[in-house]
Amino acid sequence: MPTSPSDPTPSSLAPKHVLVVEDNEATREAFAMILSSVGYRVSTADNGQLALDCLRTERPSVILLDLMMPIMDGYQFREAQRRDEELAHIPVIVCSALNEAHARAGTLHADDYLKKPVDVDALLEAVRRLC
């Protein structure tokens, strides 16, 4: 049965896949728990390099991307993602506590931006819209 536009759950029978790229374990687990609880399939990575490795085997419907991470930060990840024709089309939602992150999200050609701490309803709406 199709969902209504205000329903935050995935609209198809197969669960939509979200990749959460976040170095803070508590935040990463909270995002995964919230998204899983409404029916999304969730993968996680704690840095951009692990996220790229994940994208080589899986194609999520949307990526939640932190900017400040060790090994490969969100800026470097997004640059690598956009250079790869097979990955460039995957929508990205930047999630950051940085004050200037909203402006930088635009320069990264992100599809949406959420300020940390993230409002759960805003998170679910952004993911639903981009899936």
Side-chain angles (χ1 to χ4, degrees):
M1 169 159 50
T3 59
S4 68
S6 63
D7 189 341
T9 58
S11 60
S12 69
L13 296 176
K16 297 292 185 175
H17 180 198
V18 180
L19 173 60
V20 177
V21 187
E22 167 66 59
D23 65 320
N24 181 284
E25 183 178 6
T27 302
R28 188 174 61 246
E29 289 179 3
F31 285 166
M33 183 184 69
I34 291 164
L35 293 164
S36 294
S37 74
V38 295
Y40 291 100
R41 186 168 69 87
V42 180
S43 297
T44 62
D46 63 9
N47 66 66
Q49 185 58 59
L50 289 175
L52 284 177
D53 293 345
C54 179
L55 292 178
R56 291 185 192 359
T57 59
E58 299 184 87
R59 292 294 190 270
S61 302
V62 67
I63 299 167
L64 292 180
L65 180 65
D66 185 25
L67 295 179
M68 303 306 294
M69 298 178 289
I71 302 172
M72 176 185 276
D73 65 27
Y75 303 104
Q76 294 165 319
F77 167 84
R78 184 67 175 137
E79 183 179 316
Q81 180 206 6
R82 291 187 67 224
R83 277 195 317 260
D84 187 321
E85 290 180 14
E86 292 184 23
L87 307 177
H89 71 281
I90 302 169
V92 171
I93 302 169
V94 169
C95 299
S96 181
L98 295 174
N99 288 332
E100 71 277 3
H102 189 261
R104 291 196 179 182
T107 65
L108 292 172
H109 303 279
D111 298 277
D112 207 342
Y113 164 79
L114 298 170
K115 176 89 168 134
K116 289 180 185 174
V118 173
D119 176 79
V120 172
D121 291 333
L123 170 68
L124 293 174
E125 171 55 25
V127 170
R128 183 205 58 80
R129 184 174 33 80
L130 292 171
C131 279

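- In summary, of the residues considered (V20, V18, L19, T57), a side chain to side chain contact (heavy atoms under 4.5 Å, CB included) with S43 occurs for L19 alone.
- For the atom pair CZ of R59 and NE2 of H89, the computed distance is 7.0 Å after rounding to the nearest 0.5 Å.
- Proximity of a side-chain donor or acceptor of E22 to a complementary backbone N or O of L64 within less than 3.5 Å is not detected.
- Side-chain atoms of K16 never come within 3.5 Å of backbone atoms of R41 as a donor-acceptor pair (strictly under, hydrogens ignored).
- Look at K116 and D66 and you find a salt bridge, because one of the NZ, NE, NH1 or NH2 atoms lies within 4.0 Å of a carboxylate O, short of that distance.
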Go through D46 and M69 one step at a time and tell me if the side chain to side chain contact (heavy atoms under 4.5 Å, CB included) criterion holds.
-> CA-CA 8 Å; D46 63 9; M69 298 178 289; over 6 Å; no
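- Of the possible donor and acceptor atoms, none in the side chain of R78 sits under 3.5 Å from a partner among the backbone N and O of L67.
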Step by step, work out the side chain to side chain contact (heavy atoms under 4.5 Å, CB included) result for R128 and E125.
-> CA-CA 5 Å; R128 183 205 58 80; E125 171 55 25; 2.9 Å; yes
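- Of all the heavy atoms in Y113 and I93, the pair that sits closest is N-CG2, 4.5 Å.
- Residues meeting the side-chain hydrogen bond (donor to acceptor under 3.5 Å, both in side chains) test with R56, sequence neighbours left out: none.
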Assess whether side chain to side chain contact (heavy atoms under 4.5 Å, CB included) is satisfied between L55 and I63, documenting all intermediate values.
-> CA-CA 10 Å; L55 292 178; I63 299 167; 4.1 Å; yes
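- To the nearest 0.5 angstrom, L124 atom CG is 6.0 Å from L35 atom CG.
- Formation of a donor-acceptor pair under 3.5 Å by the S36 side chain with backbone atoms of M33 is not found in this model.
- Residues D112 and L130 have side chains in contact (heavy-atom distance under 4.5 Å, counting atoms from C-beta outward).
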